[in-house]
Amino acid sequence: PFNFDIMYYSKNFKYFLQFSEVALRAEQLLKEIWGFKQTNPKTMDGSVRYLIHRLRHKIEPDPNTPIYLVTAKNRGYIFYPEASTAKILI
């Protein structure tokens with residue numbers, strides 16, 4: 001199981017915990033977690049990918065093969081607190 005102690009230090013993690021096992025779209029993450037008022041589709045994708053990359057480096061045993069914070073193609077990002085519940089979403 002995931003070590004939740006690290007998650008209490010960041011609103012990013014708290015948001016993912018609140019919506020665990022739910023696909024969260026990039027625009028939703030930018031507005032709700034990082035406070036963006038408007039999102040520009042050209043910059044949105046790169047910004048979110050970078051922020052997800054940083055989060056994965058904090059929580060994943062191997063950030064290159066995520067088991068907790070998974071990309072769901074055409075749906076967004078899904079956080080699985082229990083890695084054993086993760087589904088292959090390629």
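Arg25 is linked by a side-chain contact (heavy atoms from CB on, under 4.5 Å) to Glu27, counting only residues two or more places apart in sequence or in another chain. For the side-chain contact (heavy atoms from CB on, under 4.5 Å) test, residues two or more places apart in sequence or in another chain that qualify with Asn64 are Asp62.
Summarising the geometry of Ile78 relative to Ala23, their closest heavy-atom pair is CG1-CA, 3.5 Å, with the distance given to 0.1 Å. What you find for Val70 and Tyr80 is that their closest heavy atoms are CG2-CD1, 3.9 Å. In this structure, Pro81 and Tyr68 approach most closely via the heavy-atom pair O-CE2, 3.7 Å.
The shortest distance between side-chain heavy atoms of Lys58 and Pro63 does not fall below 4.5 Å. At a threshold of 4.5 Å between non-hydrogen side-chain atoms, the residues Phe79 and Leu17 count as touching.
Residues Gln28 and Tyr77 have side chains that never bring a donor and an acceptor to within less than 3.5 angstrom of each other. A donor-acceptor contact closer than 3.5 angstrom is absent between the side chains of Thr71 and Arg49.
The line from CD1 of Ile67 to CD of Glu82 is 10.5 Å long, rounded to the nearest 0.5 Å. Of the inter-residue distances, the one linking Ile52 atom CD1 with Phe16 atom CZ reads 4.0 Å to the nearest 0.5 angstrom.
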task = Check the pair Leu30 / Val48 against side chain to side chain contact (heavy atoms under 4.5 Å, CB included), numbers first and verdict last.
result = CA-CA 7 Å; Leu30 284 173; Val48 171; 3.5 Å; yes
message = Applying side chain to side chain contact (heavy atoms under 4.5 Å, CB included) to Glu32 and Tyr15, what does each step give before you reach the verdict?
response = CA-CA 8 Å; Glu32 297 298 325; Tyr15 192 79; 3.3 Å; yes
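A side-chain donor-acceptor contact under 3.5 Å links Glu60 to the backbone of Leu69.
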